[in-house]
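Below: one structure, written as structure tokens.
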Number of protein chains: 2
Amino acid sequence: MGRKRDASRDATILDAAISILAEVGYDGMTMDMVAVRAKAGKATVYRRWATKADMVLEAVARMKREQVDLDNLPDTGSLRDDLLALFRPQPMEETERKLRAMAGMAALLSQHPALAGTAHDALVAPWVEANRVLMRRARDRGEIPGDADIETVAQITPSMGAYRTLIRRQPFDRAFLVTMVDGLVLPALGLPRKSPDSPPTTGAST
Amino acid sequence: MGRKRDASRDATILDAAISILAEVGYDGMTMDMVAVRAKAGKATVYRRWATKADMVLEAVARMKREQVDLDNLPDTGSLRDDLLALFRPQPMEETERKLRAMAGMAALLSQHPALAGTAHDALVAPWVEANRVLMRRARDRGEIPGDADIETVAQITPSMGAYRTLIRRQPFDRAFLVTMVDGLVLPALGLPRKSPDSPPTTGAST
DNA sequence: AAGTTCCGGAACTGAATGGTATCGAATTAA
DNA sequence: TTAATTCGATACCATTCAGTTCCGGAACTT
């Protein structure tokens, strides 16, 4: 007996939490902010999660599902096109938001290093994995040399993206992605650099 | 008249601030912590800086001076040796500490994006600049192709180091540096990959 | 209809903390 | 010697905020 718990409130609250996390960070986020933005009472929040940390943890873990669809990766026959197409269905703004949420968790990570794993698994690992798959395919079809260090190269775009977003505070846009792919990823894999008809230096000036 | 201000207290306090910043982050750091670790009274701290943010800002800005000595870079004639020698005089632990301090500032950066510039200039920019200088030299002496995107490649090690330290929470050690140089930096510049006698994949396994 | 659990909202509590004020001792200059 | 200013230490204040409790109303079960 009794009223059923409205499951749709969970998602609303977690969405609000992620947004605020990305905006002001873990310590800057108050439970009142989250409740207000989700148009929920604090009691409703605390009925679902015992502590602020619990709530944030689930919010971050949930993002994993919205990540790159590993079962449905682009397959154009060209590694370069595949890498660029990775950001086609899901706009880059979403990636930037995730990276900022990760930055917002930095304070949490300092105090609870175990959470670093959760955050990484949810926000970065699937992205690295997608790169890895695309590069292995390219290697198997002979597009890139067999001795390339795919494991390491697959981390370039995520880590440079994090650096750019979190520290440089510059946008993760298409120009940046192209610079990464043409200027770093493909050369590191042993492919010839693009001809100078495409602007070589877009990455960052200072 | 009156007692002179003891200038040596400044450095002691700022050192304590940086250490604590690296350990628990900006929000986790309390002024009492800093005072206790520096064996100073809070009045002594507030006599020097009006607010916590002011103190942290000066602490971070001060690290710039201890950075890589741009006027005395290694010059072995081999880019690879130069890049590896960059971490010879100053041990890697110090680099890791700086990166952690940067992570500790993440919360601050969210709220005051202007500070991101200060932090970047002090902690990362000199490092990128050093890489840039070494690579330009290598290009000028014909060791690497002229069309390499030095600007972008110079950011690889700093950004991958930040990713590894802050998000993966793994050590910034020599093996990692070697993986970066041999697996990414040199190949991206158009140099042949190392022969497989050196382990190709050390970067990170997930 | 009755009883139970949920809802959003608001008031409340207890702890933490930035910043201020004050203390006695030490240092320096006049 | 005396006055001014520093020092480390501690007490204090005002605010913020995580978490609790209560409310009136809505929804679901029996």
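No hydrogens, no waters, no symmetry mates; every other heavy atom, side chains included, goes into these values. All chains are named by letter (A, B, ...) in the order of the sequence lines, taking the proteins before the strands, and each is independently numbered beginning at 1.
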### Query
Given the rule in the salt bridge (Lys or Arg N to Asp or Glu O under 4.0 Å) test, do A:Asp15 and A:Arg62 qualify, once you have shown the distances and angles that lead to the verdict?
CA-CA 10 Å; A:Asp15 276 347; A:Arg62 206 178 60 104; 2.6 Å; yes
### Query
When the ring planes of B:Tyr163 and A:His120 are compared, do they come out parallel, tilted or perpendicular, using 30° and 60° as the limits?
tilted
### Query
Can you list the steps and then say if B:Tyr46 with B:Met31 is a side chain to side chain contact (heavy atoms under 4.5 Å, CB included)?
CA-CA 9 Å; B:Tyr46 277 101; B:Met31 295 303 264; 3.3 Å; yes
### Message
For the helix from C:dA1-D:dT30 to C:dA30-D:dT1, what angle separates the axis at the start from the axis at the finish, each from five pairs, in steps of 10°?
### Response
10°
#### Entry: Over all atoms of both residues, closest heavy-atom pair of A:Val34 and A:Ala16
O-CB, 4.0 Å
### Query
Which whole-number value in Å describes the distance from A:Asp10 CG to C:dC7 C1'?
13 Å
#### Entry: Spacing between A:Arg5 atom CZ and C:dC7 atom P, to the nearest angstrom
6 Å
### Task
Any chance you could measure B:Thr12, atom OG1, to B:Asp6, atom CG, to the nearest 0.5 Å?
8.0 Å
### Query
Between B:Phe87 and B:Trp127, what is the ring plane arrangement, given parallel below 30°, perpendicular above 60°, and tilted in between?
perpendicular
### Query
Separation of B:Tyr46 atom OH from D:dT6 atom C1', in whole Å?
19 Å
### Task
Write down the distance between CH2 (A:Trp49) and C1' (D:dG19), rounded to a whole number of angstrom.
15 Å
### Task
Drop me the distance from A:Arg37's CZ to A:Glu23's CD, to the nearest 0.5 angstrom.
4.0 Å
Nucleotide N/O to protein N/O under 3.5 Å, stretch nucleotides 12-17 of chain D:
none

### Message
Working to the nearest 0.5 angstrom, can you tell me the gap between A:Ile18 CD1 and A:Arg97 CZ?
### Response
6.5 Å
## Note on the structure
The reported gap from CG in A:Asp10 to CZ in A:Arg47 (rounded to nearest 0.5 angstrom) is 11.5 Å
Pairs under 3.5 angstrom, nitrogen or oxygen only, protein versus nucleotides 22-27 of chain C, please.
| residue | atom | partner | partner atom | Å |
| --- | --- | --- | --- | --- |
| C:dA26 | N3 | B:Arg3 | NH1 | 3.4 |

### Query
How do B:Thr51 and A:Arg9 order along DNA chain C: which one's closest nucleotide is nearer the 5' end?
A:Arg9
### Message
If you apply the rule side chain to side chain contact (heavy atoms under 4.5 Å, CB included), what do you find for A:Leu83 with A:Leu79, and how did you get there?
### Response
CA-CA 6 Å; A:Leu83 291 172; A:Leu79 176 58; 3.9 Å; yes
### Query
Roughly, in whole Å, what's the span from CZ in A:Arg48 to C1' in D:dG19?
17 Å
### Task
Kindly determine whether B:Val185 and B:Asn131 satisfy side chain to side chain contact (heavy atoms under 4.5 Å, CB included), including the steps that lead there.
CA-CA 10 Å; B:Val185 175; B:Asn131 285 335; over 6 Å; no
